Amino acid sequence: MTWFRPSGDGRQDARGALVRVLSTDRERTAGAGVYLSGRRLLTCAHVVNAALGLRALDHRDPGTVALDVSFPVLSATETRPARLVAWIPPRTHRHEPVADGSPEWGGDLAVLELDEDPPPPVGPVRWLEMARGQEVRAWYGGGQPFSYADVRVASYDDGIGYLDGPLSGAAVDDGYSGGPLWSMADGAAVGLVMGRITAPPRAFTDRQTIRRSWGLGWQSVIEELRRAGAVPEEHLHGLRAWSGVLGGDDSVPGMMVGPLHTLLGDPTLRAAHAGALAGQLGLRAPRDGTAPTVQELAQVLGATERALPTLAESLAPMVADDPRGRAELDRLLALGRFTDTARLLSVSEHRVLLAKLQHLAEVDPGLLHRAAEAALPYLELPPPLRAARLTPAEVPDALRELESRPGDSSAVPEETQRLPALLRVVEYVAAETGGLVCRALQEWSGQVAARLGVHPSALGERRADAERWSRRAAPAGARILVELDRYPADPPDHYRCSVWRLRADDTAARAASGPDRPRTGQEIARLIRDVVAGTDGVADGVALVAVSVPPDALEVPVDEWDGAAPDEYLPAPLGEDVHLVLRCPRIRARSRTNSGDLKRRWNARAHTGMLVADRSVGGQAGLKGLLKTTRMNTARVLLHGDAGHRGELLLVCLVMGVPVVLWDRGPGAEPRFDAMRPDGPVDELPERLRHFRVDAYADPTSTARPALVWDDVDLPLPGELRLADPSAHATAQEAT
């Protein structure tokens with residue numbers, strides 16, 4: 001690839017990605033490697049063997065080992081550990097072990113993983129195919145500026161490039177293996193150094209080779225990684241596209257050649273559009289009037305992020321009144337879905353939208369989440385959007401995920417393109433903001449839809465949906481469902497936490513994600529506060545937070561957990577800011593009639609009085625008898641007694657479907673709740689309880705700590721909350 005060249009002054013090279021692999025004693029350089037992306041490094045398997053003091057071409061997997069590596073661009077002495085995560089042993093063409101002294105071999109790759117991403121200026125290189133005639137440069141693993149060795153790909157045969165060097169200058173030797181081969185003309189790496197072809201011990205003749213080495217072309221490297229299942233796809237988005245280039249005319253770039261010939265068969269037209277594309281991608285293009293070949297343009301579209309939609313952006317006006325041209329452009333865009341590089345938006349479209357969304361995230365951190373949840377009610381939101389609040393720094397990941405989501409499934413006219421999920425979300429964001437920002441976002445959305453070939457009526461329908469949503473009547477307050485759980489091995493006072501948000505139609509959407517790990521009460525409180533802050537209705541009323549707890553956690557002081565951030569001046573116990581109520585579905589599940597009992601009692605809550613359950617009720621048996629006879633419809637019980645007695649009575653209430661149970665978690669046998677008026681209007685009880693908690697927390701002499709079970713039958717449990725006993729889960733894990 002020579003028409004498209006990287007921008008810059010020509011002095012940039014691969015040393016920003018060069019890795020030094022040290023021996024286990026750290027006293028010598030075992031070889032080189034190259035930084036891929038994220039935490040992944042690539043080197044040769046024989047370099048790993050050399051670092052471990054093993055025979056260089058030993059095919060046996062060393063197992064889980066860690067090597068010391070360094071980045072010469074950062075420091076000549078600072079090292080960091082890298083674990084071996086993929087092993088492709090040296091082998092013959094018959095997949096047999098390689099004997100010492102063999103001139104060449106296959107395989108011989110290893111992928112290493114760091115503990116964390118390296119800091120700048122370490123960065124990945126661009127990769128291109130190796131081809132005969134390329135002038136390439138290699139560096140010693142230590143990265144010294146004087147250690148470069150310039151060679152030429154004299155021959156490329158069966159995945160191997162034979163590299164001839166001039167008689168002057170450094171030669172590729174020990175310590176170069178595993179490093180990148182950098183094509184200075186293309187501004188890209190084209191393969192890895194593998195070995196050198198040594199001269200015979202006797203005197204040279206004119207028929208003997210000297211200063212010859214060999215490397216593995218990028219085409220072969222990627223195929224080896226693919227066969228081993230070692231392609232780091234979460235970082236190297238272009239690998240699928242490049243592997244397709246190797247597949248001939250059946251590859252994605254190969255299939256792009258036909259539409260490109262139809263659209264840009266004229267070299268002058270192709271040169272103009274390719275030049276504009278190069279400028280958008282940060283590449284250099286010749287100014288001599290020449291045009292890239294259609295095949296080269298196809299390779300750029302298949303391997304360069306956002307190249308395809310960027311070209312489509314310039315082609316769309318040209319085919320607006322040309323049905324055949326529009327069909328060919330649609331073919332190109334459809335082929336882009338088979339790559340990881342095309343993406344949905346062009347470079348300029350992405351830049352404009354990202355800036356607008358980041359600005360909105362500063363003003364309203366919950367806006368993008370609310371809009372996505374409303375716009376895509378039947379799609380699971382991607383992880384970056386499950387959090388209730390997004391910082392500007394988190395917007396790029398959320399935008400990238402939304403680009404990959406499919407369009408809606410409703411019919412569109414004339415078999416035109418469906419509206420992508422991202423554009424639907426943008427319409428909902430626009431409707432929620434209003435004013436000039438709304439008009440700017442709608443204009444952006446309309447331009448992208450036209451470029452994609454989306455029929456105006458499809459966009460208009462979704463825009464109307466968004467406007468209706470923006471005029472929705474907000475509920476009295478946000479409704480949040482929380483589940484706390486524990487596994488036997490979890491630390492004391494730590495819980496695993498899942499959070500859901502109830503939509504207006506009473507369906508639940510997961511609102512928070514992250515690693516499934518035990519958390520402290522403070523961590524959980526902060527998570528709940530963040531979810532509440534980004535939820536519809538939070539400005540219109542106090543949020544209801546219903547916390548499902550395991551049976552042994554009904555006395556846990558969830559309402560006292562402080563959700564204040566480190567930089568907040570005042571503490572923020574959950575019970576002061578939300579209607580914090582408890583639920584215990586596992587206890588309720590112990591009665592087959594509980595569901596019917598719960599619904600009957602809840603529906604009668606405004607017409608039945610409060611039952612005070614103290615020792616006069618006669619313990620569990622007496623309370624059970626009352627709830628089955630004269631108090632058959634009672635919905636509200638106030639518990640008296642010490643912790644043990646309360647626990648027995650609470651169990652009866654929950655099993656028999658009592659939806660509202662109030663008790664004092666503090667010391668003493670009788671609740672001190674007169675100020676709360678526990679026998680007042682039942683539906684106002686959570687708000688009276690919140691006021692009471694504010695006063696109780698502020699009074700150092702008060703020991704009252706009210707707890708409330710509130711099982712509103714209109715707050716159904718999501719299916720995900722109906723979990724098995726975690727102790728049984730742990731036992732099953734131990735048995736496998």
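Residue indices begin at 1 and follow the sequence shown. The structure displayed is predicted, hence computed values, not measured ones.
For residues 352-365, the salt bridge (Lys or Arg N to Asp or Glu O under 4.0 Å) pairs, not counting sequence neighbours, are D364-R370. Pairs of residues two or more places apart, or lying in two chains, that qualify as salt bridge (Lys or Arg N to Asp or Glu O under 4.0 Å) and include a residue from residues 16-30 are R26-D68. Legend: salt bridge (Lys or Arg N to Asp or Glu O under 4.0 Å) pairs involving residues 140-152, not counting sequence neighbours, sorted by first then second residue: E135-R152, R137-D150.
A pairwise comparison of heavy atoms in L57 and N49 identifies C-ND2, 4.2 Å as the closest pair. When all heavy atoms of P420 and L344 are compared, the pair lying nearest together is CB-CD2, 3.9 Å. The two residues G143 and R15 have their closest heavy-atom pair at O-CD, 4.3 Å. Heavy atoms only, all atoms of each residue included: L84 and G63 are closest at CD2-O, 3.5 Å. Of all heavy-atom pairs between R196 and V172, the closest is CD-O, 3.7 Å. For L311 against S314, the heavy-atom pair with the smallest separation is O-OG, 2.9 Å.
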Test side-chain contact (heavy atoms from CB on, under 4.5 Å) applied to V294 and L264, step by step:
CA-CA 8 Å; V294 173; L264 296 173; over 6 Å; no
Would L353 and V426 satisfy side-chain contact (heavy atoms from CB on, under 4.5 Å), going step by step from the backbone distance to the final call?
CA-CA 9 Å; L353 182 60; V426 169; 4.0 Å; yes
Evaluate salt bridge (Lys or Arg N to Asp or Glu O under 4.0 Å) for R306 paired with E403, printing each intermediate quantity in order.
CA-CA 11 Å; R306 302 196 185 282; E403 281 189 274; 2.8 Å; yes
Start with the C-alpha distance between S346 and Q280, add both sets of side-chain angles, then the distance that settles side-chain contact (heavy atoms from CB on, under 4.5 Å), and finish with yes or no.
CA-CA 9 Å; S346 71; Q280 289 284 330; over 6 Å; no
Take D164 and V151 through the test side-chain contact (heavy atoms from CB on, under 4.5 Å) and record every step on the way to the result.
CA-CA 5 Å; D164 284 354; V151 292; over 6 Å; no
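At distances below 3.5 Å, at least one donor-acceptor pair connects side-chain atoms of Y176 with backbone N or O atoms of S147. When atom types are taken as modelled, the side chain of E394 and the backbone of T391 share a donor-acceptor pair closer than 3.5 angstrom. Between the side chain of T304 and the main chain of L301, no donor-acceptor pair closer than 3.5 Å is present. Side-chain atoms of S183 never come within 3.5 Å of backbone atoms of A188 as a donor-acceptor pair (strictly under, hydrogens ignored). Under a 3.5 Å cut-off, the side chain of T310 and the backbone N or O of V347 do form a donor-acceptor pair. Formation of a donor-acceptor pair under 3.5 Å by the S102 side chain with backbone atoms of V98 is not found in this model. When atom types are taken as modelled, the side chain of Q358 and the backbone of A393 share no donor-acceptor pair closer than 3.5 angstrom. Side chain of T29 to backbone of G31: no donor-acceptor contact under 3.5 angstrom is found.
Taking a 6.0 Å sphere around CZ of R132, one finds it holds 12 or fewer heavy atoms contributed by other residues, nucleotides or ligands.
With salt bridges taken as basic N to acidic carboxylate O contacts below 4.0 Å, none links R270 and E296. Between E224 and R91, at least one side-chain N (NZ, or NE/NH1/NH2) sits under 4.0 Å from a carboxylate O, which counts as a salt bridge. In this structure, E349 does not pair ionically with R343, as no charged nitrogen and carboxylate oxygen lie closer than 4.0 Å. A salt bridge does not link R39 to D115: none of the charged nitrogens lies less than 4.0 Å from a carboxylate oxygen. Under 4.0 Å is where a charged nitrogen must lie from a carboxylate oxygen, and between R83 and E113 at least one such pair does. Using a cutoff of 4.0 Å between basic side-chain nitrogens and carboxylate oxygens, R526 and E568 are not scored as salt-bridged. At a threshold of 4.0 Å, the pair E305-R400 counts as salt-bridged, since one of the basic side-chain nitrogens sits closer than that to a carboxylate oxygen. Salt bridge E78/R80: present, at least one basic N to carboxylate O contact under 4.0 Å.
Between V19 and S70, the closest side-chain pair of non-hydrogen atoms is not below 4.5 Å. Counting heavy atoms from C-beta outward, V34 and L41 have side chains that stay 4.5 Å or more apart. Put simply, the side chain of V85 does not reach to within 4.5 Å of the side chain of T64, judged on heavy atoms. Residues L163 and V153 meet the side-chain proximity criterion, which asks for heavy atoms closer than 4.5 Å. By the 4.5 Å heavy-atom criterion applied to side chains, P396 and L354 are counted as neighbours. Residues L399 and L422 are in side-chain contact: their nearest non-hydrogen atoms beyond the backbone lie under 4.5 Å apart. A heavy-atom distance below 4.5 Å is found between the side chains of W182 and W139. No side-chain heavy atom of L36 sits under 4.5 Å from any side-chain heavy atom of V125.
Remark: W218 CH2 to E223 CD distance equals 11.0 Å, nearest 0.5 Å. Separation of atoms CG (D157) and OH (Y162) is listed at 6.0 Å; rounding is to 0.5 Å. Taking OG1 of T43 as the reference point, atom CG of L192 lies at 7.5 Å (rounded to 0.5 Å). Taking CZ of R405 as the reference point, atom CG of L385 lies at 9.0 Å (rounded to 0.5 Å). For the atom pair R60 CZ and W87 CH2, the distance stands at 10.0 Å (nearest 0.5 Å). Between L42 atom CG and S37 atom OG the span is 13.0 Å, to the nearest 0.5 Å.
Applying the ring pair (Phe, Tyr, Trp, His ring centres under 6.0 Å) rule to F71 yields no partners; only residues at least two apart in sequence or on another chain are considered. Residues passing the ring pair (Phe, Tyr, Trp, His ring centres under 6.0 Å) test with Y35: none are found, sequence neighbours excluded. Applying the ring pair (Phe, Tyr, Trp, His ring centres under 6.0 Å) rule to W105 yields the partners W214; only residues at least two apart in sequence or on another chain are considered.
T290 and D288 form a side-chain donor-acceptor contact under 3.5 Å, judged by distance and modelled atom types alone. Side-chain N/O atoms of Y156 and E129 include no donor and acceptor closer than 3.5 Å.
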